[in-house]
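Some notes on the structure that comes next.
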Amino acid sequence: MVFYGSKASKLKEGQLINVKCPNCTEGQTMHYSIYGKYAYVYWIPLFPIGKTYVLECNHCKRTYNLKELPEQIKQKFELEKAGVRFPLWYFSGLILIAIAIALATYLSKKDAENDKLYIQQPMIGDVYSVKASQTGYYTSMKITKVTTDSVYVVFNDYEIDRKSKIYKINKTENYTTEIDGYSKEEIQTLFDQELIYEVDRD
C-alpha cells in the first residue's frame with residue numbers, strides 16, 4: 001500500500017471574457033481552473049509542489065494548458081492568478097514536524113535539567129545510566145542508601161552496547177547484592193565526565 005505521493009486540489013476558478021479561442025475562433029469566454037499540487041505522507045499534506053492551470057473554451061470545449069495559449073490570453077490570465085496562494089493546510093506535515101522537533105528539544109532540555117538536579121539531590125531508587133570506561137559498553141547502578149556526604153549503590157550485572165537501550169537490562173533481578181559507596185563529590189565528577197549520563201527517577 002502506497003503511503004506517500006502527490007495530490008491536487010482546486011484553488012480558484014473563474015471566467016476570462018473578451019478572449020478569442022485559438023481553436024474555434026468563435027468563443028469569446030474561457031473558463032479557468034487553478035489547481036495546487038502538494039506532496040503527502042500517510043495522507044497528511046507535507047508541502048506544496050506547484051500549481052497547474054487549465055483553461056477551457058466555453059464554445060468548443062477545447063481545453064488548454066496555459067503555455068499553449070497566445071500571449072494576449074496569458075497576460076489577461078496573469079491578473080486572475082495573481083494572489084492565489086497555497087492554503088495553510090498544504091503545510092500540515094511541515095507544521096507537525098516542526099512541533100515534534102520543538103517538543104523533543106524541550107523535553108531533552110528538561111531531562112538534562114532534571115538530571116543535574118537529581119545528581120545534586122540523590123534519592124534511594126535513583127538509577128544511574130553509566131558508561132563502562134574499560135569496555136565501552138553501558139550499564140546501570142541503583143541507589144540503595146543516601147547519607148549526608150555519601151551515596152551507596154548496587155551495580156547491574158549486565159552491560160549493553162547502546163546507551164539508549166539501558167532500559168532493557170534495568171531489571172530488579174539484574175542487580176547484585178554487593179553494595180558500593182561513593183562520595184557525593186565523586187558522583188558529581190562522574191556526571192561531569194559523562195560517565196554517568198542519565199538519571200532515572202520514578
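Closest approach of Y90 and K37 over heavy atoms only: CE2-O, 4.0 Å. Residues W43 and Y40 approach most closely at N-CD1, 3.4 Å, considering heavy atoms. Smallest separation of non-hydrogen atoms from E185 and D149: OE1-O, 4.3 Å. For P122 against K184, the heavy-atom pair with the smallest separation is CG-CE, 4.1 Å. The nearest pair of heavy atoms linking N23 to C60 is ND2-SG, 3.4 Å. Between I49 and S6, the shortest heavy-atom contact is CD1-CB, 3.7 Å.
If you take CZ on F155 and OH on Y175, they are separated by 10.5 Å, rounding to the nearest 0.5 Å. Residue S92 holds its OG atom at 11.0 Å from CD1 of I97, rounded to the nearest 0.5 Å. Annotation: the span from I196 atom CD1 to Y182 atom OH amounts to 7.5 Å, rounded to 0.5 Å. Distance check: R85 CZ to K51 NZ gives 9.5 Å after rounding to the nearest 0.5 Å. Separation of atoms CD1 (I166) and OH (Y128) is listed at 15.0 Å; rounding is to 0.5 Å. L16 CG to I73 CD1: the interatomic distance, rounded to the nearest 0.5 Å, is 7.5 Å.
No more than 12 heavy-atom neighbours from other residues, nucleotides or ligands sit within 6.0 angstrom of CD1 on I17. Other residues, nucleotides and ligands contribute more than 12 heavy atoms inside 6.0 Å of the NZ atom of K74. Atom NZ of K131 is surrounded by 12 or fewer heavy atoms from other residues, nucleotides or ligands within 6.0 Å. By the neighbour-count criterion of 12 heavy atoms within 6.0 Å, atom CD of E178 is sparsely surrounded, having that number or fewer from other residues, nucleotides or ligands.
Side-chain atoms of N156 and S140 include a donor-acceptor pair closer than 3.5 Å.
Looking only at distances, a side-chain donor or acceptor of T139 sits under 3.5 Å from a matching main-chain atom of Y158. Between the side chain of Y53 and the backbone N or O of K81, no donor-acceptor pair lies under 3.5 Å. Between the D115 side chain and the V199 main chain, a donor and an acceptor come within less than 3.5 Å of each other. Put simply, the side chain of S108 never gets that close to the backbone of A104: no donor and acceptor are under 3.5 Å apart. Of the possible polar contacts, none joining the K163 side chain to the Y197 backbone as a donor-acceptor pair under 3.5 Å is found.
Under the 4.5 Å side-chain heavy-atom criterion for ILVMFWY residues, a single connected hydrophobic cluster contains both Y4 and L94. By the rule that hydrophobic residues join a cluster once side-chain heavy atoms approach within less than 4.5 Å of another member, I187 and Y118 end up as members of one cluster. Hydrophobic clustering keeps Y106 apart from I95 (ILVMFWY residues linked when any side-chain heavy atoms are closer than 4.5 Å, directly or through intermediates). With hydrophobic clusters built from ILVMFWY side chains whose heavy atoms lie under 4.5 angstrom apart, I44 does not share a cluster with L88. F77 and Y35 fall into different hydrophobic clusters, where Ile, Leu, Val, Met, Phe, Trp and Tyr side chains are chained together by heavy-atom contacts under 4.5 Å.
Looking at heavy atoms from C-beta onward, Q72 lies out of side-chain contact with V19 at the 4.5 angstrom threshold. Between T172 and K142 the shortest side-chain heavy-atom distance falls below 4.5 Å.
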With side-chain contact (heavy atoms from CB on, under 4.5 Å) as the test, would you mind laying out the steps for E80 and I34 before giving the verdict? CA-CA 10 Å; E80 299 294 327; I34 301 175; 5.7 Å; no

Quick one, K165 with Y167, criterion side-chain contact (heavy atoms from CB on, under 4.5 Å). Give me CA distance, side-chain angles, the key distance, then yes/no. CA-CA 5 Å; K165 300 296 183 180; Y167 68 90; 3.9 Å; yes

Step-by-step side-chain contact (heavy atoms from CB on, under 4.5 Å) determination, Q188 to I119: CA-CA 6 Å; Q188 183 66 57; I119 284 292; 3.3 Å; yes

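Every pair passing salt bridge (charged side-chain N to carboxylate O under 4.0 Å, His left out) that includes a residue from residues 191-202 is listed here, sequence neighbours excluded: D126-R201. Residue pairs satisfying the side-chain hydrogen bond (donor to acceptor under 3.5 Å, both in side chains) criterion with at least one member in residues 56-66, sequence neighbours excluded, are listed as follows: Q15-N58.
Ring orientation note: the planes of Y38 and W89 are nearly perpendicular, at an angle over 60° on the 30°/60° scale.
Remark: E13 engages K10 in a salt bridge (Lys or Arg N to Asp or Glu O under 4.0 Å) (not counting sequence neighbours).
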